Amino acid sequence: MKSLVSRLGGRRHATALGLLLLLGAVGLAQGWLGLTLLPPLAFFYAFLGVLMLLYGAMPLYTNRRLTAHYWRRTRRNRLAVAGLWFIVFLVLLAVIGPFFTQSPTRVNFPEKNLPPLGFTISQSTFDLSAGQFIAKETPGVWEHPLGTDDKGRDMLAMLVSGAGVSLQVGLLATGLAVFLGAVLGVTSAYAGGWVDNALMRFTDIMMTFPFFLLLIFIVFLYGASLTLIIVVIGLTGWTGTARLVRSEALSLRTREFVLAARALGASPARVIFRHLIPNVMSPIIVIATLSIPGIILAESALSFVGLGDPSVASWGRVLNAGQQTLDTAWWVAVEPGVLLFFTVLAFNFLGDGLRDAFDPRTEV
Amino acid sequence: MRRYIIKRLLYTLLIAWGVLTITFVLLRLSPSSPADKYLLNLTARGQDISQVIASIEARYGLNRPIHEQYFQYVGSLVRGDWGWSLSTSMPVLELLGRHWVYSFQLILLATIVAVFLGILIGVYSAVRQYSRADYIATFFSFVGIALPNFWLGIMLILIFSVKLGWFKTYYDTALPILSLDNLKALVLPVLTLSTGMMAGYTRYTRSATLDNLRKDFVLFARSKGVPERTVILRHVLRNAMLPIVTIIMFDLGSIVFGGAYLTEIIFGIPGLGRISFNAVFAQDYPVVVAVTLIGALVVLLVNLITDVLYTYLDPRIRYD
Amino acid sequence: MASEVILEVRDLRASFFTIRGEVKAVDGVSFDLARGETLCLVGESGCGKTATALAVLGLIQGLGGRILGGQARYRGEDLLTAPASRLRGLRGRALAMIFQDPQSCLNPVLTVGAQIMEPLRLHLRLSARQARARAVSLLQQVGIPLPERRLQDYPHQFSGGMKQRAMIAAALSCGPEVLVADEPTTALDVTTKAQILDLLKRLRQEREMSLIFISHDLGAVAELGGRVVVMYGGRMAETGDLEQVLRRPCHPYTVALLACIPDLGGDGRLKTIPGQPPSLIDPPQSCLLSPRCPYALPVCRRHRPELAEVAPGQQVACFLYPQVLARVV
């Protein structure tokens with residue numbers, strides 16, 4: 001047992017592998033036995049949780065001085081810090097928000113097309129007592145601070161729910177894609193030869209696919225659900241990471257400390273886990289952060305064209321509805337876009353900040 | 001060089017074949033048959049469908065083993081028979097031939113605008129680093145990069161069409177392509193599509209220009225008495241072009257079914273994006289396959305052109 | 001042979017402005033350059049030699065520097081206050097410069113020929129054909145074989161020494177009166193170095209050109225002769241004829257610098273000057289060498305020594321000499 005652990009490059013990797021295998025086993029058991037122990041999304045959370053805990057939180061905790069160093073460098077970039085705060089705010093909104101907002105799907109026609117607080121619009125409504133359409137000044141109300149859509153659904157509630165959808169897709173799909181990319185990239189670089197060749201040709205093919213068309217196509221064929229969307233994005237979005245990790249690992253492979261380790265008789269697994277993976281972690285973190293906005297946008301675009309998960313209110317769906325009512329209720333289209341914009345901006349800023357912080361050549 | 005291009009073209013075919021095969025497999029694994037939609041229409045019109053099923057299966061060879069279907073499918077593609085579009089009742093190639101030009105003009109105009117303005121602003125902003133103009137340009141490039149393209153389109157419609165009523169937002173295929181009305185209808189889509197690209201090019205041009213402005217050869221050029229304008233254009237920009245061209249060409253490859261796709265859908269432009277979108281919803285598979293393949297070929301071709309362009313931009317790059 | 005003075009620099013002061021603060025790179029430098037004369041600027045890296053030359057040529061502004069005062073008169077005309085367009089017209093034509101690293105000074109995407117012909121077409125308004133013919137003869141003069149063919153080559157096809165020759169050809173194309181050579185041999189190997197030095201000496205004699213030779217290498221300086229300005233911390237430490245400075249160095253820094261030259265008769269150990277070169281951000285009003293100087297007096301830490309003549313033609317800024325001390329008390 002101990003030799004197995006050491007061959008895997010230490011307890012951390014053995015734990016990770018064990019947990020991931022366990023997760024796979026539960027998944028397979030569920031599939032075969034037709035049980036539902038865990039909802040499909042929970043698998044992703046567990047998967048991402050294991051990776052983040054063992055490869056994110058643990059090294060950060062054990063190398064506190066390095067962590068503090070990177071944090072100091074990141075903190076000097078004010079935009080990155082602002083981005084981080086916005087993301088924290090968004091996460092809190094998505095997690096706590098639903099307990100305080102109304103149901104995002106509750107249709108309530110009498111309160112339709114209410115503008116956000118502070119705005120008043122003139123609307124023609126059917127007045128029952130007069131028996132005809134009359135123009136009525138409609139002000140925004142406190143119950144619906146961001147207004148309502150043409151079916152009287154609360155905008156705030158829909159946006160809070162949309163934040164959850166966007167973050168889930170962004171984080172889980174990125175986790176999957178980056179994991180696949182890292183594994184394939186390191187494998188490709190370390191194995192070399194025909195394995196490398198085959199993997200890189202496959203990467204070329206995947207990169208050539210019109211990504212969004214493929215996404216629409218698959219989601220249309222197999223039915224829209226959040227899980228499927230995450231899986232498809234995860235399974236197609238790994239190419240950039242794979243290439244980056246491969247080239248990083250290739251350049252590391254010839255660096256002195258790796259050569260020294262091999263000269264001292266380190267096993268391939270040890271070289272991979274102790275030398276290659278820790279050293280490609282920072283580019284992986286950067287590329288993960290920077291690919292989240294693209295993935296969030298892809299999901300929004302998908303919902304926008306009508307292929308989002310119909311059971312949840314996502315920003316793209318609200319935007320789509322807003323496009324139909326541009327002339328009567330402009331805010332329905334404006335609000336989700338603003339949030340989407342700031343979310344993308346926040347991840348971009350944070351990613352740029354992290355990249356500069358990890359790069360010893362830049363002065364921050 | 002010629003040998004390199006031939007090698008690359010062969011590689012392009014290989015990758016295209018890979019894309020084709022994956023698309024084929026995805027289609028065959030799909031839970032619904034391509035005939036379903038068609039049949040649904042027929043049954044709705046009260047026709048007897050058993051004969052139709054037989055004829056369709058014979059026509060598409062659906063009753064034969066899968067590898068035979070695959071070879072037949074690839075074979076007819078190679079022969080130039082790209083199939084029959086069920087939803088529009090015409091050969092796929094004819095359908096694409098009618099509609100590619102709408103995508104082409106949108107992409108061409110947007111790219112020209114984005115490249116021209118992006119490089120101009122980027123260079124200016126680098127030369128005047130830390131000036132007010134530089135801060136404004138940098139601010140807008142960050143905003144432009146983060147703006148979701150489809151939301152920007154809607155906002156432009158909201159402001160310029162709904163509120164101000166300046167531009168109509170629908171494209172009329174009955175009118176000639178270069179008619180004034182249709183060109184006016186292209187203003188907002190081009191703006192939508194070019195904003196993000198322009199922001200990106202501004203940022204790349206700025207940083208590439210800054211990198212090269214500090215190079216020794218710029219100092220040497222100045223010491224020879226070369227005017228600043230020439231220093232920037234001839235010495236700095238020529239060297240900065242490599243990363244800029246890379247990103248422009250990457251955009252060109254991915255735009256057809258990326259940004260242009262959504263723009264066409266929002267503004268109702270009947271280009272390839274719109275066609276493929278409709279085809280997916282109509283389950284018109286021959287069209288879906290064709291556009292996927294074309295998308296892949298565009299990317300591959302653009303990559304090849306990029307690599308050839310590199311040798312002109314940087315004499316140090318040689319492929320032989 | 002005191003002939004006409006071509007370049008007259010007086011109390012030149014220039015700084016770089018960085019995030020960390022103002023770097024006083026050139027602080028009160030003065031010298032005269034006569035026709036056909038060689039002037040050597042000597043000192044450790046970062047002592048302001050290059051910055052002095054860049055300031056005179058008006059190139060320092062493009063690198064984040066600013067000229068704070070003084071004069072640099074070329075044939076009586078102050079270059080520091082001349083309009084940019086006038087200065088640009090003089091650069092490459094009357095005042096030319098070559099740089100330390102030939103690898104990075106030639107534009108990699110332009111042919112060597114285009115870069116040599118550039119000043120010819122700009123300043124002398126030659127046609128493409130005339131410029132070409134001139135470039136061929138220039139390449140010949142700097143000793144590049146097969147000049148017609150090499151004109152079409154790109155810099156990466158040239159070796160390091162050939163790049164330096166090509167750069168010299170480009171700088172000399174319009175027949176400048178003053179050539180500034182900024183450590184032209186540092187990036188080259190020993191044999192190439194000697195060849196380039198010979199080339200510079202030959203060209204200077206043939207063309208009666210004045211040469212400002214910037215170097216930290218006293219061996220190379222000894223080879224070229226002429227006047228020497230030893231710089232330390234952006235200030236002039238000592239100036240005099242080569243003979244005087246080598247035979248009878250007066251400033252402790254010059255002495256130390258000379259002691260650092262490795263010689264065959266020594267004990268084989270390379271001598272160094274202890275301590276670090278001074279930071280030029282907010283320098284104190286004292287002798288900048290005093291923290292490293294074995295002879296430092298109390299006065300050295302309180303006052304800044306000015307140049308004073310210790311022998312005919314030799315000036316030193318050091319309080320060890322009564323002439324210098326006399327200026328503060």
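Values in this document were obtained by computation on a predicted structure and should not be read as measured data. Just so it is clear, the values below take in all heavy atoms, side chains as well, and ignore hydrogens, waters and symmetry mates. Protein chains get the first letters and strands the later ones, always in sequence-line order, with residue 1 at the start of each.
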Self-check item: Atom of B:Leu313, atom of C:Val109 and distance for their closest heavy-atom approach
Solution: O-CG1, 3.4 Å

Quiz prompt | Side chain, backbone, both or neither of C:Leu106 within contact of chain B (heavy atoms, under 4.5 Å) | solution = both

Quiz item: Looking at B:Phe220 and C:Met97, what are the two nearest heavy atoms and their distance?
Solution: CE1-O, 3.4 Å

Quiz prompt | Most chain B-contacting option - heavy-atom pairs closer than 4.5 Å, from C:Ala114, C:Cys105, C:Cys174, C:Gly92 | solution = C:Cys105

Self-check item: Portion of C:Leu90 that has a non-hydrogen atom of chain B nearer than 4.5 angstrom
Solution: neither

Exercise. Check each atom of B:Leu213 against the heavy atoms of chain C and say whether the ones under 4.5 Å are side chain, backbone, both or neither.
Key: neither

Exercise. Give a yes or no on whether C:Arg75 atom CZ has more than 12 heavy-atom contacts from other residues, nucleotides or ligands under 6.0 Å away.
Key: yes

Quiz item: Do you know which of C:Pro108, C:Ala171, C:Pro119 has the most heavy-atom pairs with chain B at a distance under 4.5 angstrom?
Solution: C:Pro108

Kindly provide each donor-acceptor pair between chain C and chain B shorter than 3.5 Å, listing atom names and distance.
{"residue": "C:Arg88", "atom": "NH1", "partner": "B:Gly225", "partner atom": "O", "Å": "2.9"}
{"residue": "C:Arg91", "atom": "NE", "partner": "B:Arg222", "partner atom": "O", "Å": "2.7"}
{"residue": "C:Gly92", "atom": "N", "partner": "B:Ser223", "partner atom": "O", "Å": "3.2"}
{"residue": "C:Ser104", "atom": "O", "partner": "B:Phe217", "partner atom": "N", "Å": "3.1"}
{"residue": "C:Ser104", "atom": "OG", "partner": "B:Asp216", "partner atom": "OD2", "Å": "2.7"}
{"residue": "C:Asn107", "atom": "OD1", "partner": "B:Asn239", "partner atom": "ND2", "Å": "2.6"}
{"residue": "C:Asn107", "atom": "ND2", "partner": "B:His235", "partner atom": "ND1", "Å": "2.9"}
{"residue": "C:Gln115", "atom": "O", "partner": "B:Lys224", "partner atom": "NZ", "Å": "2.7"}
{"residue": "C:Glu118", "atom": "OE1", "partner": "B:Lys224", "partner atom": "NZ", "Å": "3.1"}
{"residue": "C:Glu118", "atom": "OE1", "partner": "B:His235", "partner atom": "NE2", "Å": "3.1"}
{"residue": "C:Glu118", "atom": "OE2", "partner": "B:Arg234", "partner atom": "NE", "Å": "3.0"}
{"residue": "C:Glu118", "atom": "OE2", "partner": "B:His235", "partner atom": "NE2", "Å": "2.8"}
{"residue": "C:His123", "atom": "NE2", "partner": "B:Lys224", "partner atom": "O", "Å": "2.8"}

Quiz item: So does C:Phe17 have more than 12 non-hydrogen atoms from other groups sitting under 6.0 Å from CZ?
Solution: yes

Exercise. Below 4.5 Å from any heavy atom of chain B, which atoms of C:Leu87 appear? Answer side chain, backbone, both or neither.
Key: neither

